[in-house]
Amino acid sequence: MPKLTIDQRDVEVPEGATILDAARKLGIEIPTLCHRDGCEPPTSCLVCMVRVGGDHRLVPSCATAAVDGMEVESESEAVHQVRRTALELLLSDHLGDCLAPCYFACPAEMDIPTMLRQIAAGEMRGAIATIKRDIALPAVLGRVCPAPCEKICRRGHLDGPVSICLLKRLAADVDLASAEPYVPTCLPESGKRAAIIGGGPSGLAAAYYLRQYGHACTLFDENRQLGGRLRSEPQQDSLPAAVLDAEIATILRLGIEVRAGVRIELGQLAELQDRFDAVLWACGRTAKEQAIAAGLPVSQRGLQVDPRTYRMGATVGVASRSGTLVPDMPSRSGTPVPDRLGAELEALPFALFAAGNAIRGKSLVVRSVADGKEVALAIHQYLSGQPITGWPRPFSTKIGRMTHGELLQLAAIGPLSYQERADASSLSLRERARVRESDEDISSSSDTPHAPRPTPQTGIALGFSLAEGRQQAARCLHCDCRGLWTCKLREHAIKYHANPRRYEARRRVFQVDARHAEVIYEPGKCIDCGLCIQIAAAAGEPLGLTFVGRGFDVRVSAPFDRSVAEALSRAATACVAACPTAALAYKDCSALVPRFRKHPCASTD
Amino acid sequence: MSELDLRPVDAIVQRLGRGSDAAIPILQAIQSHYRYVPREAMERVCALTEITPATISGVATFYTQFRHRPVGQHIIHICHGTACHVKGSELIQDAFQRRLGIGPEGDTDAEGRFTIEKVACLGCCTLAPVVQIDGTTYGHVTPTSVANVLDDFLHHGQEPRTLSGGTRKISDGELGEIRIGLGSCCVAQGSGKVHQAIQQVLQESGAPVVVKRVGCVGMCHQTPLVELIAPTGSSTLFSKVQADDAAEIVLRHFKPKGVLRRARYAASRWLDRLWSDEIADPSIRHGIDTRDPPVCAFLGPQRHLATEHCGALDPTDLDEYLRHEGFAALRRSIERGGPDWIIEQIRASGLRGRGGAGFPSGLKWAKVRAADGEEKYVICNGDEGDPGAFMDRMILESFPYRVIEGMTIAALAVGAHEGLFYIRAEYPLAVKRIGEALEQCRRRGILGEQILGSDFGFEIAVKEGAGAFVCGEETAMLASLEGRRGMPRLRPPYPAESGLWGKPTLINNVETYALVPWILRHGAAEFARLGTPTSSGTKVFALAGKVRRGGLIEVPMGVTVRQIVEEIGGGVSSPSRLETVPIFAAGSRENGTVPFSPQPQRRFKAVQIGGPSGGCVPAELADTPIDFEALAQVGAIMGSGGLVVLDDADCMVDIARYFLRFTQDHSCGKCTLCRIGTRRMLDIFDRICEGHGKPRDLDDLEMLAQTVRAGSICGLGRTAPNPVLSTLKYFRHEYEAHLAGRCPAGRCKALIHYRVTDDCIGCTLCAQHCPAEAIALTPYVKHAIDQEKCTRCDTCRQVCPQGAIVIE
Ligand SMILES: Cc1cc2nc3c(=O)[nH]c(=O)nc-3n(C[C@H](O)[C@H](O)[C@H](O)COP(=O)(O)O)c2cc1C
Ligand code: SF4
Ligand code: SF4
Ligand code: SF4
Ligand code: SF4
Ligand code: SF4
Ligand code: SF4
Ligand code: FES
Ligand code: FES
Ligand code: FES
């Protein structure tokens, strides 16, 4: 039985065991992609590298036998650097969107495609849960949002974007009209208290999420009614008060203390100190004047905060592309930062945060709603004594712009054929939905949501019926990756801080083979590990899969340009299970999405 | 298209067998029948054999030899090997494409007459740049001669070249001997024709002379070579002989007496000029006396062990080999030595593998001998993929019996009864010679059941590669021999424990085996006396590039790089790309008409040793001895033995990019670091050479190079960064110049401009030759180049008789 050390820890393994086996025995997590028990080690990915005996060379731990007396180094920076390089190289030649383009277009980073798939499947309860993970006021936004997501929507380059905004509204309206509207689960009370100054979109959203983190919240607003600029800005036409009231009620249902009609000035901060552990300044545009009066730092638009954490007075910086903070140039903030400020804020017994128009002056409502969600996390991190990192940047590889031909390939993936979906587009266009001639066709359908509707004469959106909505939602092309929850490449890339854009490279052409009934194959996501080839051969597939070409151009494919449907007549399921990425994936991957899952980009719930 | 006739496929399968290891030979046979590999034919093979669709399409797309589309009537192979690259093969490629109207993406002209294919080294590096159209080889091609080459081919080139006949006695009273070089370089230059012509003359005249085919003499820069051995034993070497010259040579030397002296005298005047191999003047026969100074120098520091009796043996004449102590070592091993004695001799000689890594051969042999198992294999690695090397080809072509003897001794030592030659597909002559030699051996009881009457049995088969450099790597070669894609696997286990079909297998290089008989005949101590303490014996190099006398050389280890370049090679060659436009095709008398122009003398800059796995030894370190450790220390490697001399017109960034492109192209694609890492490095090079380099690029390049070297699975990836790291180390300033938008050597097209100086006399030659019509024809007035139109093809600079066109 060979005895060896890994990172100076002794371990003994049976004869024939690999270094990887030994590491596992010690609980050292070596990342692997191409390794799979029961398969010949392809030694292809090289993310499992370790250094043996201080050699300048490294070996793949998955296929190197543990030998008596070996000294293995696994968790050192040098070894991690090689693993990271392997991952970054794989990513530089990886064609896929972990997260859909619409995800990045939405300021609130809502998981649009999941919502759409749920609506298409008629799972309205699931859809509202998906929406509310990121958007506290969907019925409101469904009426006032200019929908930047739809400007980016891939489908827009084919036959008009998916009507994301109206579908979100549909889900929200159905929910509001239901007997028991959706209530998220909240963590147990933390015993910490947060004061939120301002009951507009950012304050409301922050309260909604802070409650879910288990913190007590008190909302102060100088007006008698909550809603802030949602009541003052000229959007009442499209946003009936009843909708706003109903949606605010869903937030307050989480148990939020409201102190309406109470005005708190920035100069009064000290008065709050006995009662609160954190204060969020979310009182909108007026904050800037107050701040100047109180001698607090401001930017051109409003209060000056750290852009990642929304915290005032702490490291003020802008996030660079790589996600690290670099100091903001003083010149960018209109007023020079008063020296005494740092000390003053430091002296406060709580941290001061600001969000929404208080820092931006003027912005979309959806931006404020997003701010509320993001600042809630930062406050939560502060209150629970974690490092305050702010909202994480989601990891995603990106395809970027697709050609028409590529879009047609994408659109050809089931379950509906492109033609069937194109038919659905006859009622799809956002404009058409907005200027529907009469109310009749909707009221005649039995599943009409009970949300209030303005009259058609105003040319304002009418919304979909449930049946229309399902059809409309099915137009989504599923641009997000089917492997989001299973992909090991993404998992390791996140863990090793691999930057998918580290190396400039010409991207490949997007292709997909969707001829198999249940499984799709996207060569652009294949890392050439060859596991599927082995499995297909072992299963005695008459056609099977093979490597085609050599070197950088090597691709996995069915022989003689035949389809994966022919190649994997019996081994498809086993191949999907083995594929370390989502190169081979189920067309319908909804079964793989965890029921109570983490947010796609956050390590928090 | 009409239905494909698949009956030939059935016949091929019938002939080659139905096992999965037959995949590559079957595909080769299919291609030679259909000229490409039709899918229907592959499907038919799957229906008839054990070979699965996955295997056959995987194999057919792995090896570059296999074409998947029908091709033009004729195939133009443009060599992009190292020697050809440094002599401008890119420009030749451009010129052919332009001439045939083939766009950058295409490969076949509109009429379907010609298909262009890039190849890595045709093995005639001394004639660089080299182009082969079907079977006809053209050397020293220039962009301006491309039209002539095509023309010549269409008019004369299609005549088949015969290479018949061995030694032939013309008369009984032997008075003299004529040796004709029949190595690949010589054949490429038309020695087959010369051979025929000489025999015809002799027959007609009845001159009392023996005509003999000999292998490579090593002076490949002078091919075709004809050596006359006078009855007195003195010899005269004639270089660059053409068929038409044959009669004159023969008659002058073997009829009227005393002419020999006259000829020698006449020739010596030409001697200096003819050594610079660019000068070719087919109308004059060059006589070389081996005692003349340049010849002595060329042969001087050399010691011929692996290439013993070079230029004197008929490659396939077994009797002659036997007369020269052939198979004496094998006989002694069988009769008195035995395995332990052999292995002890090899160990004591200090012999290290000549295939690149320099692993001690004695140790390897002992390991295979000690490995369990009845069945063992001995393999000769003749894949020689280094694009600047041709030693193994020459040894296989010229000394087939010696390699066979070495292998047989090895088999006896390790206890194997089956042997295999794995020979590169691009070396048809080597395959043929080895095949003939094996047949001779079998007939004479040197191979077979009872070798030399003993109870030791050994058989050798020949397998051809299919165009994959990586198959030189031993585990990839095993995969290829088993009929799979040539992808290396992680070692250990080493082939010595688990090789072909999982059996213990000894794999050595051609040259390693070729040295074995010498060692056993002369004793280990004699071998160990040559060379240095850690690197004993001799090493064969293919000397090419910017050197006056290129060719095959064998030197004792420990000789310095400078000795090789200056003494043997005669220093850096006079400027290239400017003299006459020689065309060597069968019977062709085509000759350029362009006069000489004064060009500056070039300066020796570096040698590149070890090809794509090796590195550069800069001129300052030219006193580095040839020795495994010493070379590794300066960042090069011994490698297989390609030795390319570079001068100040060579851009080191371009050289590094060239090798990287080669390895990148030949990566098997299995492991991430090599497959993608080398590509990303190449991307950086492309940026730098296009003038879009970024300051961060050099650090990125170095980091990637270190990582790829540290982590790749096989030797290809682990050594691919060497050319990059060594040029970064010694020539970093050239990289920095590129980042600043300059190519100091004037090679990188995107960074240079052509300009006409005041030396222009208005002769209009440049304007007439410019393929891009970038120069307006203005007689007697200084010409000017339109930078917008100029494609930097270099033609004008080459044709200008005044040297009035400069690169900046
Ligand atoms: C990419 C690559 C290419 C190689 N090509 C050759 C080759 O062409 N000829 C050769 O003899 N060895 C080649 N080798 C080395 C062989 O793997 C092996 O080490 C050698 O044949 C052993 O013989 P030796 O001990 O006599 O040198 C190559 C190695 C690598 C990694
Ligand atoms: S396969 Fe993995 S890395 Fe690629 S797009 Fe999908 S989730 Fe992202
Ligand atoms: S098609 Fe669907 S996933 Fe793609 S951008 Fe549009 S909404 Fe998002
Ligand atoms: S498709 Fe096959 S080869 Fe590609 S990553 Fe998935 S399992 Fe590996
Ligand atoms: S290093 Fe290159 S050639 Fe060797 S196994 Fe890896 S990819 Fe293949
Ligand atoms: S540049 Fe040279 S070739 Fe051109 S016209 Fe002047 S002298 Fe003649
Ligand atoms: S001007 Fe430019 S294109 Fe014309 S011959 Fe000279 S280098 Fe070539
Ligand atoms: S190489 Fe070890 S897991 Fe891929
Ligand atoms: S023949 Fe072109 S490099 Fe060897
Ligand atoms: S091939 Fe003729 S001398 Fe080299």
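On a predicted model such as this, the values are computed, not experimentally measured, just so you know.
- At a 4.5 Å heavy-atom cutoff, B/Thr678 makes no contact with chain A through either its backbone or its side chain.
- Within a 6.0 Å radius of CD in B/Glu629, more than 12 heavy atoms belonging to other residues, nucleotides or ligands are found.
- Counting only distance, with no hydrogens or angles, the side chain of B/Thr663 and the backbone of B/Phe659 share a donor-acceptor pair below 3.5 Å.
- Most heavy-atom pairs under 4.5 Å with chain B, from the set A/Glu504, A/Arg51, A/Glu88: that is A/Glu504.
- There is no contact between B/Ile684 and chain A, counting heavy-atom distances below 4.5 Å.
- Between chain A and the options B/Met487, B/Glu43, B/Met42, B/Arg489, heavy-atom pairs under 4.5 Å are most frequent for B/Glu43.
- Contacts of A/Leu545 with chain B are made by backbone atoms alone, with heavy-atom separations under 4.5 Å and no side-chain atom involved.
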Before giving the answer on side chain to side chain donor-acceptor pair (under 3.5 Å), spell out for A/Thr85 and A/Gln81 the whole-Å C-alpha distance, their side-chain angles and the decisive distance to 0.1 Å.
CA-CA 6 Å; A/Thr85 301; A/Gln81 184 265 321; 2.9 Å; yes
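- Ranking A/Val554, A/Val548, A/Asp553 against chain B, the residue ahead of the rest is A/Val548, based on heavy-atom pairs under 4.5 Å.
- Contact of A/Arg562 with chain B is made through the side chain alone, with heavy-atom distances under 4.5 Å.
- Between the side chains of B/Thr475 and B/Arg491, no donor-acceptor pair is found at a separation under 3.5 Å.
- By the 6.0 Å and 45° rule, A/Arg83 does not stack over the aromatic ring of A/Tyr496.
- Contacts between B/Ala468 and chain A at a heavy-atom distance below 4.5 Å involve backbone atoms as well as side-chain atoms.
- Annotation: A/Asp68, atom CG; neighbour count of heavy atoms from other residues, nucleotides and ligands within 6.0 Å is above 12.
- Of the listed residues (A/Thr546, A/Leu543, A/Ile527, A/Asp55), the greatest number of heavy-atom pairs within a distance under 4.5 Å of chain B belongs to A/Thr546.
- Of the listed residues (A/Val59, A/Ile533, A/Val47, A/Asp561), the greatest number of heavy-atom pairs within a distance under 4.5 Å of chain B belongs to A/Asp561.
- Between chain B and the residues A/Arg57, A/His56, A/Arg550, the most heavy-atom pairs under 4.5 angstrom are made by A/Arg550.
- The main-chain N or O of A/Ser563 is never found under 3.5 Å from a side-chain atom of A/Asp513 such that the two would form a donor-acceptor pair.
- Only the side chain of B/Thr707 comes within contact range of chain A, with at least one heavy atom under 4.5 Å from a heavy atom of that chain.
- Neither the backbone nor the side chain of B/His68 has a heavy atom closer than 4.5 Å to any heavy atom of chain A.
- The only member of A/Arg508, A/Arg506, A/Arg502 that meets salt bridge (Lys or Arg N to Asp or Glu O under 4.0 Å) when paired with A/Asp93 is A/Arg508.
- Ranked by non-hydrogen atom pairs under 4.5 Å with chain A, the options B/Lys670, B/Arg679, B/Arg680 are led by B/Arg680.
- Heavy atoms of A/Pro41 lying under 4.5 Å from chain B are absent altogether.
- Heavy atoms from other residues, nucleotides or ligands lying under 6.0 Å from CD of A/Glu29 number 12 at most.
- Here A/Arg555 pairs with A/Asp528 in a salt bridge; the nearest charged N to carboxylate O distance falls below 4.0 Å.
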